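These notes are about the structure you will find just below.
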Amino acid sequence: MTLSLDAEALVAHLRDGVRGLMAPATKLVGIWSGGAWLVQRLQADLGLQATGTVSSRMHRDDFGERGLAAGADATALPFEVEGADILLVDDVLYTGRTIRAVLNELYDYGRPARVRLAVLVDRGGRELPIEAAYAAARVTLAPTQRLRLARSETGRFSFDTEESR
C-alpha cells in the first residue's frame, strides 16, 4: 500500500493549528527529532522567541531494545518549566509511548501548568490514552507500516514509509 502525504502542505496546516493553540505565554517544545525540526520551522514562521526541545530517550519503556539513539540531542528547555503552558509538537503520533516518556522528562524539570500536543500526523494505533489537541492529518496505517518525517538539506519536509518486520 502506497501512502501519499504532502508534508509541506501539512506543515502549513500545522502552523495554522498551532497558531490557534498559542497564547502569549505558551512555550513551544519540539520532540526530538521530527518535532524539533517542526518547531524550528514554526519558530521562524510564527516569529517566536524561546522554543525548546525535549528527548524521550531517558524515559523510554523500550530502552533495552533501542538504547541511546546515536547523535540524539538532549533536552534543551531555555525557560522555566514550573507553571508553564507548554505546547508539545511531534511529527507522528502512534502508540503514545513517546509522549509518555516526554511527559516524564518534562516533569524532571518542573511541573507545567498545562501541556498540550500538536502533531503533523496522527496515525492511530494508540496503546495509551493520549490524544493530540491538534493533528494536521489523520491516517490509518497497518501496524507493520512505519511513517517517518524526513528533512532535506534545504529544509524541505517529506515522508518516508516502510514495512517493519
Side-chain angles (χ1 to χ4, degrees), residues 1-57 69-79 81 84-103 105-106 112 114-126 128 130-143 145-164:
M1 174 180 156
T2 302
L3 179 68
S4 178
L5 290 172
D6 182 342
E8 285 295 326
L10 291 179
V11 170
H13 288 292
L14 180 66
R15 180 185 58 239
D16 294 342
V18 164
R19 185 181 286 126
L21 293 172
M22 297 284 293
T26 302
K27 305 299 184 189
L28 202 59
V29 176
I31 298 173
W32 180 260
S33 65
W37 296 341
L38 291 167
V39 163
Q40 288 173 349
R41 172 82 65 87
L42 292 169
Q43 181 179 21
D45 289 355
L46 299 174
L48 302 174
Q49 296 301 315
T51 61
T53 302
V54 65
S55 171
S56 65
R57 67 182 176 167
D73 285 354
T75 297
L77 300 167
F79 51 81
V81 170
D85 176 19
I86 294 177
L87 180 56
L88 289 173
V89 176
D90 205 6
D91 53 355
V92 180
L93 176 59
Y94 181 29
T95 63
R97 291 166 55 191
T98 296
I99 305 306
R100 184 213 46 85
V102 162
L103 289 171
E105 178 76 1
L106 277 176
R114 174 169 69 166
V115 179
R116 290 168 296 152
L117 175 65
V119 298
L120 196 58
V121 177
D122 180 344
R123 62 162 289 172
R126 218 76 74 238
L128 298 171
I130 292 173
E131 189 69 28
Y134 182 83
R138 295 181 193 282
V139 300
T140 302
L141 298 175
Q145 291 181 300
R146 182 176 173 146
L147 180 66
R148 185 177 20 207
L149 186 66
R151 183 175 65 169
S152 73
E153 290 179 12
T154 63
R156 291 198 49 82
F157 292 116
S158 62
F159 286 105
D160 291 331
T161 58
E162 62 185 43
E163 288 289 326
S164 62

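A quick note: this is a predicted structure, and the numbers were derived from the prediction, not measured.
- Other residues, nucleotides and ligands contribute only 12 or fewer heavy atoms inside 6.0 Å of the CD atom of Gln49.
- Closest of all the heavy-atom pairs between Trp32 and Ala36 is CE3-CB, 4.0 Å.
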Do any side-chain atoms of residues 117-125 form donor-acceptor pairs under 3.5 angstrom with protein atoms, and if so which ones, sequence neighbours left out?
{"from": "Asp122", "atom 1": "OD1", "to": "Gly124", "atom 2": "N", "distance (Å)": "2.9"}
{"from": "Asp122", "atom 1": "OD1", "to": "Arg126", "atom 2": "NH1", "distance (Å)": "3.3"}
{"from": "Asp122", "atom 1": "OD1", "to": "Arg126", "atom 2": "NH2", "distance (Å)": "2.9"}
{"from": "Asp122", "atom 1": "OD2", "to": "Arg126", "atom 2": "NH2", "distance (Å)": "2.8"}
{"from": "Asp122", "atom 1": "OD2", "to": "Arg138", "atom 2": "NH1", "distance (Å)": "2.8"}
{"from": "Arg123", "atom 1": "NH1", "to": "Gln145", "atom 2": "O", "distance (Å)": "2.7"}
{"from": "Arg123", "atom 1": "NH2", "to": "Ala142", "atom 2": "O", "distance (Å)": "2.9"}
{"from": "Arg123", "atom 1": "NH2", "to": "Gln145", "atom 2": "O", "distance (Å)": "3.3"}

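- If you take CD1 on Ile31 and OG on Ser55, they are separated by 10.0 Å, rounding to the nearest 0.5 Å.
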Inset, instruction - Start with the C-alpha distance between Leu5 and Leu147, add both sets of side-chain angles, then the distance that settles side chain to side chain contact (heavy atoms under 4.5 Å, CB included), and finish with yes or no. - result: CA-CA 10 Å; Leu5 290 172; Leu147 180 66; 4.1 Å; yes
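- With rounding to the nearest 0.5 Å, the separation of CG in Leu46 from CZ in Arg19 is 5.0 Å.
- For the atom pair Arg151 CZ and Ser158 OG, the distance stands at 11.5 Å (nearest 0.5 Å).
- Annotation for Asp160 and Ala150: closest pair OD2-CB, 3.6 Å, computed over non-hydrogen atoms.
- In this structure the side chain of Leu14 reaches within 4.5 angstrom of the side chain of Val89, judged on heavy atoms.
- Annotation: the span from Ser56 atom OG to Leu103 atom CG amounts to 11.0 Å, rounded to 0.5 Å.
- Scanning all heavy atoms of the two residues, the minimum distance from Ile130 to Gly96 falls at CD1-O, 3.2 Å.
- Not counting sequence neighbours, the partners of Thr26 by the side-chain contact (heavy atoms from CB on, under 4.5 Å) test are Met22, Ala23, Asp85, Leu87, Arg116.
- Within the 4.5 Å cutoff, the side chain of Val29 has heavy atoms near those of the Phe79 side chain.
- A side-chain contact (heavy atoms from CB on, under 4.5 Å) with Leu28 is found for one member of Leu48, Ile86, Leu88, Leu21 and no other, namely Leu48.
- Note that CG of Leu10 and CG of Leu38 are 10.0 Å apart. Values are rounded to the nearest 0.5 Å.
- Under the 3.5 Å distance criterion, the side-chain polar atoms of Arg41 are left unmatched by any main-chain donor or acceptor of Arg15.
- Taking 4.5 Å as the limit, some side-chain heavy atom of Leu106 sits within range of a side-chain heavy atom of Leu77.
- Separation of atoms CD1 (Ile99) and CD (Glu131) is listed at 11.5 Å; rounding is to 0.5 Å.
- Side-chain contact between Arg148 and Val92 is absent, with no heavy atoms from C-beta onward closer than 4.5 Å.
- Nearest heavy-atom pair, Trp37 versus Leu149, reported as atom, atom and distance to 0.1 Å: CZ3-O, 3.5 Å.
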